[in-house]
Amino acid sequence: MAKLSTRKREALSSRQFAFPAQRKEPIENASHVRNALARFNQVEGVTDAERDEAWRHIQAAAQKFGVEIHETHWRQLGEAQAEKSAEQ
């Protein structure tokens, strides 16, 4: 995935971010949606309510760009990986 330049990032509307108030995790294409999912739990300085809102934004963008999400809630992200690690 190509990194957004500062100029391109600033040109995005706040609606094109999973966390619009903080302008964190752009979700303007399928690649960025997958990246936002992968990094969701790494976002710092946000409340659970903001995570709930971001999850809704990611779900909508995933549907728009044809990205499949198996989790039904953001708290499930990383659970499968944690279970695999525990089994090893």
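Values reported hereafter were calculated over all heavy atoms of this structure, with side chains retained and with hydrogens, waters and symmetry mates removed. Worth saying up front: this structure is predicted, and the values here are computed from it rather than measured.
- By the 30° and 60° cut-offs, the orientation of the rings of W55 relative to F40 is perpendicular.
- Closest of all the heavy-atom pairs between P26 and A36 is O-CB, 4.5 Å.
- In this structure a side-chain-to-backbone donor-acceptor pair under 3.5 Å is present from Q76 to H73.
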Audit row: T47, D52, side-chain contact (heavy atoms from CB on, under 4.5 Å) steps and yes/no: CA-CA 9 Å; T47 65; D52 289 338; over 6 Å; no

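- Distance check, rounded to the nearest 0.5 Å: OG of S13 to CZ of R23 gives 7.5 Å.
- Atom CD1 of residue I27 and atom CZ of residue F65 lie 8.0 Å apart, to the nearest 0.5 angstrom.
- Checked by atom type and distance alone, the side chain of K64 never pairs as donor or acceptor with a backbone atom of Q59 at under 3.5 Å.
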Check the pair H32, N35 against side-chain hydrogen bond (donor to acceptor under 3.5 Å, both in side chains), reporting the backbone distance first and the verdict last. CA-CA 5 Å; H32 281 124; N35 190 55; 6.0 Å; no

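- At a threshold of 4.0 Å, the pair D48-R75 counts as salt-bridged, since one of the basic side-chain nitrogens sits closer than that to a carboxylate oxygen.
- Around the CD atom of Q42, the shell of radius 6.0 Å holds more than 12 heavy atoms that belong to other residues, nucleotides or ligands.
- Nearest heavy atom pair, residue H57 against residue P20, reads CE1-CG, 3.5 Å.
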Chi angles and distances behind the side-chain contact (heavy atoms from CB on, under 4.5 Å) call for F19, E25: CA-CA 6 Å; F19 296 89; E25 301 304 329; 4.2 Å; yes

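- We find the CD-CZ distance between E68 and R34 to be 11.5 Å, quoted to the nearest 0.5 Å.
- Put simply, the side chain of R51 gets close to the backbone of V43: a donor and an acceptor are under 3.5 Å apart.
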